[in-house]
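Starting from 1, each residue takes its place in the sequence as its number.
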Amino acid sequence: MYALPNMDLWKGRTDSLIDKDEFRIHQIVKDNQTTSANNTCGIIGFSCEEGVRRNKGRLGSKEAPNEIRKSLSSLSWHGQSADSLVDFGNIICENQQLEAAQAELGSHVEKILSKNMFPVILGGGHETFYGHYLGIRSSVGPNAKIGILNIDAHFDLRSYEEITSSGTMFKQILDNDHQASYLPIGIQRYGNTKKLFDTATTLGCSWILEEELVDENSEENENKILNFINQHDYIILTLCMDVINASEAPGVSAPSSFGLSGKMVRQLIRKITSHTKTISFDICEVNPSLDCDNRTVKLAANLINEVFMCVERRLAI
């Protein structure tokens with residue numbers, strides 16, 4: 001089900017009503033009835049945790065899109081345009097109809113792209129990504145080479161023979177779309193079974209382990225990511241918040257004891273979304289019901305703001 005944007009969520013401190021240099025994000029966001037040539041990012045929420053339920057995870061991520069909006073609201077705006085952000089509302093998964101909700105999300109992602117905006121999708125469980133992908137593929141056509149960059153502790157390459165879930169979507173895509181490739185970044189060695197590593201190999205995937213990112217080989221990893229980007233026509237970036245250390249992101253279904261730092265994830269986001277081939281972004285697995293002091297929601301909001309800034313700077317060049 002589609003729900004129109006609730007602009008009452010966008011509220012916070014106001015330092016000035018006229019000086020745009022004092023604006024905060026809640027003063028920038030417009031609803032989807034008000035669009036212009038200067039709009040750069042279209043925000044769409046995916047209020048869904050059905051994939052997490054099917055994957056036997058901890059529930060609560062369906063509340064994330066609106067909670068993230070609230071946290072974004074009071075962040076100071078450092079963009080060039082006061083017309084940059086448009087809220088397109090939420091897709092709500094009802095009656096466990098995950099596949100229908102994913103298809104509906106895809107149609108809205110395609111709509112945002114048709115307006116020459118950069119889609120920013122607020123999940124939801126990581127099943128969000130399949131709907132995200134459907135919209136991109138429909139928009140760019142069947143022959144374009146799509147590269148999927150997933151900042152995540154997990155491969156999410158489980159079998160979907162019995163049922164799809166938040167752990168199957170990348171295998172769903174790779175099995176059926178031979179113009180798509182996949183590079184996960186931040187994989188936890190002991191958070192994935194040997195079978196999942198074998199599945200990744202069988203599907204022709206490479207990966208970057210969490211421990212490789214924190215070692216002294218950053219140039220090698222940067223080159224691996226850049227080479228992957230250069231091999232494709234378009235790049236989709238997805239972030240699963242469970243890749244971040246549990247001390248910084250406790251509000252996720254599967255916290256990571258040896259996760260990446262928020263600063264490292266910010267650096268990855270900056271580099272990837274600054275590239276002109278990156279066409280869209282989603283953030284998944286924020287679970288407000290499991291959060292501590294709103295810590296994970298606030299971190300998610302700040303990382304999304306990095307996307308806003310990178311995309312706006314990129315389009316201004």
Side-chain angles (χ1 to χ4, degrees), residues 5-7 9-15 20-32 34-46 64-90 108-109 111-113 115-124 128-129 132 135-136 149 151 234-241 244 262-284 286 296-317:
N6 178 4
M7 300 310 291
L9 296 169
W10 298 102
K11 57 187 177 183
R13 174 171 173 163
T14 300
D15 294 320
K20 293 180 181 179
D21 288 339
E22 294 189 72
F23 277 14
R24 298 177 186 272
I25 286 180
H26 70 89
Q27 296 173 274
I28 299 296
V29 177
K30 309 295 190 297
D31 66 35
N32 63 345
T34 308
T35 59
S36 75
N38 294 324
N39 301 146
T40 54
C41 291
I43 303 163
I44 182 80
F46 191 60
N66 287 346
E67 293 303 313
I68 292 172
R69 285 180 172 95
K70 293 176 187 177
S71 197
L72 274 166
S73 290
S74 288
L75 294 181
S76 59
W77 178 248
H78 285 254
Q80 298 300 310
S81 172
D83 297 314
S84 288
L85 308 179
V86 178
D87 189 348
F88 282 82
N90 287 336
H108 282 268
V109 169
K111 177 181 177 182
I112 292 169
L113 285 166
K115 295 179 179 293
N116 296 316
M117 284 186 257
F118 184 100
V120 175
I121 301 104
L122 313 179
T128 300
F129 182 76
H132 177 181
I136 299 299
L149 286 172
I151 307 174
Y234 300 98
I235 295 295
I236 313 175
L237 177 60
T238 176
L239 168 63
C240 183
M241 285 292 287
I244 299 174
K263 286 186 176 181
M264 182 172 290
V265 172
R266 178 178 67 177
Q267 184 179 11
L268 288 166
I269 285 174
R270 283 176 171 175
K271 288 180 179 177
I272 295 167
T273 57
S274 294
H275 201 286
T276 56
K277 287 188 178 183
T278 304
I279 192 173
S280 58
F281 170 78
D282 72 52
I283 188 165
C284 300
V286 174
T296 313
V297 171
K298 288 179 180 178
L299 178 56
N302 277 277
L303 293 172
I304 293 164
N305 192 43
E306 293 288 345
V307 176
F308 293 158
M309 293 298 100
C310 287
V311 172
E312 204 195 53
R313 283 192 294 268
R314 191 181 85 187
L315 295 179
I317 295 175

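Contacts of D87 classified as salt bridge (charged side-chain N to carboxylate O under 4.0 Å, His left out), with partners at least two apart in sequence or in another chain: R69. In this view, D15 and R13, R24 satisfy the side chain to side chain donor-acceptor pair (under 3.5 Å) rule, not counting sequence neighbours.
The shortest heavy-atom contact between N305 and L72 is N-CD2, 4.3 Å. For S274 against C310, the heavy-atom pair with the smallest separation is OG-SG, 3.6 Å. Taking every heavy atom of both residues into account, A82 and K20 meet most closely at CB-CD, 3.9 Å. Nearest heavy atoms, T128 versus C284: CB-SG, 3.6 Å. Between G123 and P65, the shortest heavy-atom contact is O-CD, 3.7 Å. Scanning both residues, I244 and L299, for their nearest heavy atoms gives CD1-CD2, 3.8 Å.
Looking at T278, its side chain does come within 3.5 Å of a backbone N or O of I272 through a donor-acceptor pair. Proximity of a side-chain donor or acceptor of K30 to a complementary backbone N or O of I28 within less than 3.5 Å is detected. The closest donor-acceptor contact from the side chain of Q80 to the backbone of E312 lies at 3.5 Å or more, if one exists at all. Distance alone, capped at 3.5 Å, is enough to place a donor-acceptor pair between the R314 side chain and the H275 backbone.
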Could you give me the CA-CA distance, side-chain angles and deciding distance for K298 and S71, then say whether side-chain contact (heavy atoms from CB on, under 4.5 Å) is met?
CA-CA 6 Å; K298 288 179 180 178; S71 197; 3.5 Å; yes
side-chain contact (heavy atoms from CB on, under 4.5 Å) for V86 and M117? Distances and angles first, verdict last.
CA-CA 9 Å; V86 178; M117 284 186 257; 4.0 Å; yes
Before giving the answer on side-chain contact (heavy atoms from CB on, under 4.5 Å), spell out for T296 and M241 the whole-Å C-alpha distance, their side-chain angles and the decisive distance to 0.1 Å.
CA-CA 8 Å; T296 313; M241 285 292 287; 3.9 Å; yes
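One finds the CZ atom of F88 at 6.0 Å from the NZ atom of K115 (value rounded to the nearest 0.5 Å). In this structure, Q27 CD and T14 OG1 are separated by 4.5 Å, a value rounded to the nearest 0.5 Å. Atom CG of L303 and atom CD1 of I283 lie 5.5 Å apart (nearest 0.5 Å). In this structure, CD1 on I44 lies 8.5 Å from CG on L122, to the nearest 0.5 angstrom. With values rounded to the nearest 0.5 angstrom, N90 atom CG is found 9.0 Å from N6 atom CG. With rounding to the nearest 0.5 angstrom, the OG1 atom of T238 is 3.5 Å from the CG atom of D282.
Checked against F308 for a side chain to side chain contact (heavy atoms under 4.5 Å, CB included), the options L75, T40, L85 give a single hit: L85. The side chain to side chain contact (heavy atoms under 4.5 Å, CB included) test with F281 singles out one residue from I121, V311, I304, L149, and that residue is I304.
Using a 4.5 Å heavy-atom cutoff, the side chains of M309 and W77 are in contact. A heavy-atom distance below 4.5 Å is found between the side chains of L113 and P119.
For the residue pair S280 and H132, a side-chain donor N or O sits within less than 3.5 Å of a side-chain acceptor on the partner.
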